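All figures in this text were calculated on a predicted structure; none of them were measured in a lab. Computed from heavy atoms alone, side chains included, the values below leave out hydrogens, waters and symmetry copies.
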Amino acid sequence: ILVMLHKYESETIGTAGVSLYRGEGSLAYSKLFMESLSLQDRIFLLLHEASHLILSTHSREDSKEPQLWNIATDIIINELLKQNFGINIPSDTLSFKTINEMKIQGNIDLTTVTADELYGSIVSKIKNITYDGMYMIMELEGGFKIRSKIYGQNFDGDNIDSRLKEKIREAVANYKDLSGPGHNEGN
């Protein structure tokens with residue numbers, strides 16, 4: 001997925017973000033931000049951004065508040081990368097720890113929670129969001145604040161296009177063709 005994206009440096013985005021428009025994917029990034037990351041954190045960021053596309057988070061936003069939806073999907077994506085691939089979530093980045101800091105009441109099972117469920121839980125808790133460089137400051141009810149690094153931003157409201165999904169299917173089919181019977185690894 002990352003290979004198929006048009007990549008470009010942007011002065012209008014403080015970190016990095018992905019977007020899709022008419023089947024063409026883009027990864028916009030801040031050169032200063034990318035240079036500030038360790039190699040491990042840069043790999044995490046790129047996997048995180050690719051996950052937004054794989055999970056179709058943009059197309060599932062519907063009428064949700066974009067910043068809060070991005071927070072919910074970022075938490076789920078970061079935890080999926082940690083749980084499924086053993087990749088450490090960079091410090092001070094959105095995670096289940098953030099949910100614990102928000103002291104969300106109710107029956108949230110962090111082992112099975114979806115982005116939609118998480119969104120529903122945080123929408124009433126976060127009263128204001130401000131940004132300070134690569135940090136997001138979430139002000140909760142009662143004036144409590146949580147400061148968290150942002151490893152990606154929505155820079156565009158475009159929905160995922162079926163052409164990208166078709167390209168993924170083609171890539172998978174090509175891979176299966178290459179690894180199927182009769183494939184000679186010596187050539």
Side-chain angles (χ1 to χ4, degrees), residues 1-2 5 15-20 25 27 37 40-129 131 134-142 144-162 164-169 171-172 175:
I1 293 219
L2 291 170
L5 297 177
T15 58
V18 291
S19 177
L20 288 161
L27 170 69
L37 299 176
Q40 182 177 355
D41 287 355
R42 198 174 304 158
I43 290 169
F44 182 90
L45 168 76
L46 293 172
L47 291 171
H48 171 96
E49 293 305 326
S51 296
H52 275 289
L53 300 177
I54 292 165
L55 298 172
S56 301
T57 63
H58 294 88
S59 67
R60 296 185 306 125
E61 184 178 304
D62 299 323
S63 62
K64 296 175 182 76
E65 199 290 316
Q67 287 180 310
L68 298 179
W69 177 243
N70 196 54
I71 290 169
T73 58
D74 279 357
I75 290 170
I76 296 297
I77 286 169
N78 292 346
E79 290 292 338
L80 286 172
L81 290 172
K82 176 183 173 185
Q83 292 170 14
N84 292 311
F85 302 106
I87 300 171
N88 291 328
I89 299 173
S91 63
D92 298 329
T93 304
L94 292 168
S95 66
F96 287 159
K97 178 183 171 194
T98 311
I99 296 304
N100 292 330
E101 290 173 356
M102 287 183 188
K103 298 182 173 140
I104 292 177
Q105 303 300 316
N107 297 325
I108 295 180
D109 181 354
L110 296 180
T111 61
T112 61
V113 68
T114 66
D116 290 290
E117 293 166 340
L118 197 52
Y119 174 85
S121 297
I122 67 173
V123 74
S124 64
K125 290 296 259 184
I126 299 176
K127 300 302 177 193
N128 189 38
I129 300 172
Y131 296 92
M134 72 167 73
Y135 287 89
M136 169 178 39
I137 296 99
M138 296 173 280
E139 185 177 338
L140 309 178
E141 53 191 21
F144 182 69
K145 293 182 181 181
I146 297 175
R147 181 179 166 102
S148 180
K149 280 184 189 170
I150 17 177
Y151 268 48
Q153 293 173 256
N154 281 341
F155 70 92
D156 195 339
D158 299 324
N159 286 334
I160 194 164
D161 190 287
S162 62
L164 178 67
K165 289 182 181 179
E166 184 58 34
K167 287 180 182 179
I168 293 169
R169 281 193 277 281
V172 169
Y175 172 79

Search all heavy atoms of [X] against all heavy atoms of [Y] and return the closest pair with its distance.
X      : Y      : answer
Leu55  : Arg60  : O-NE, 3.2 Å
Ser148 : Met138 : CB-CE, 4.3 Å
Asp74  : His52  : OD1-NE2, 2.9 Å
Phe44  : Ile89  : CE1-CA, 4.0 Å
Ala72  : Ala115 : CB-O, 3.7 Å
Glu49  : Ala16  : OE2-O, 3.7 Å

Straight-line distance of [X] [atom1] to [Y] [atom2], nearest 0.5 Å:
X      : Y      : atom1 : atom2 : value
Lys82  : Ser95  : NZ    : OG    : 7.0 Å
Leu68  : Ile122 : CG    : CD1   : 5.5 Å
Asp92  : Thr98  : CG    : OG1   : 9.0 Å
Lys97  : Glu79  : NZ    : CD    : 11.5 Å
Trp69  : Asp116 : CH2   : CG    : 4.0 Å
Ile129 : Ile137 : CD1   : CD1   : 10.5 Å

On the six-membered ring of Phe144, is Lys103 placed so that its NZ or CZ lies under 6.0 angstrom from the centre and within 45° of the ring axis? yes
Stepwise side-chain contact (heavy atoms from CB on, under 4.5 Å) test for Phe85 and Leu47: CA-CA 11 Å; Phe85 302 106; Leu47 291 171; over 6 Å; no
Pick one: which of Ile76, Asn70, Ile75, Ile71 meets side chain to side chain contact (heavy atoms under 4.5 Å, CB included) with Thr73?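 Of the listed options, the one satisfying the test is Asn70.
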Between Asp41, Val18, Leu2, which is the residue that forms a side chain to side chain contact (heavy atoms under 4.5 Å, CB included) with Leu46? Leu2
Taking the side chain as C-beta and beyond, is there a heavy-atom pair between [X] and [Y] under 4.5 Å?
X      : Y      : answer
Thr57  : Ile77  : yes
Leu94  : Met136 : yes
Lys149 : Ser91  : yes

Is it true that a side-chain atom of [X] and a backbone atom of [Y] form a donor plus acceptor pair closer than 3.5 Å?
X      : Y      : result
Ser124 : Gly120 : no
His48  : Leu81  : no
Tyr119 : Glu61  : no

Please say whether more than 12 non-hydrogen atoms of neighbouring residues, nucleotides or ligands are located less than 6.0 Å from NZ in Lys64.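 Atom NZ in Lys64 is crowded, with more than 12 foreign heavy atoms closer than 6.0 Å.
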So for atom NZ, which belongs to Lys127, do other residues, nucleotides or ligands contribute more than 12 heavy atoms lying within a distance under 6.0 Å?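 It does: Lys127 NZ has more than 12 such atoms within range.
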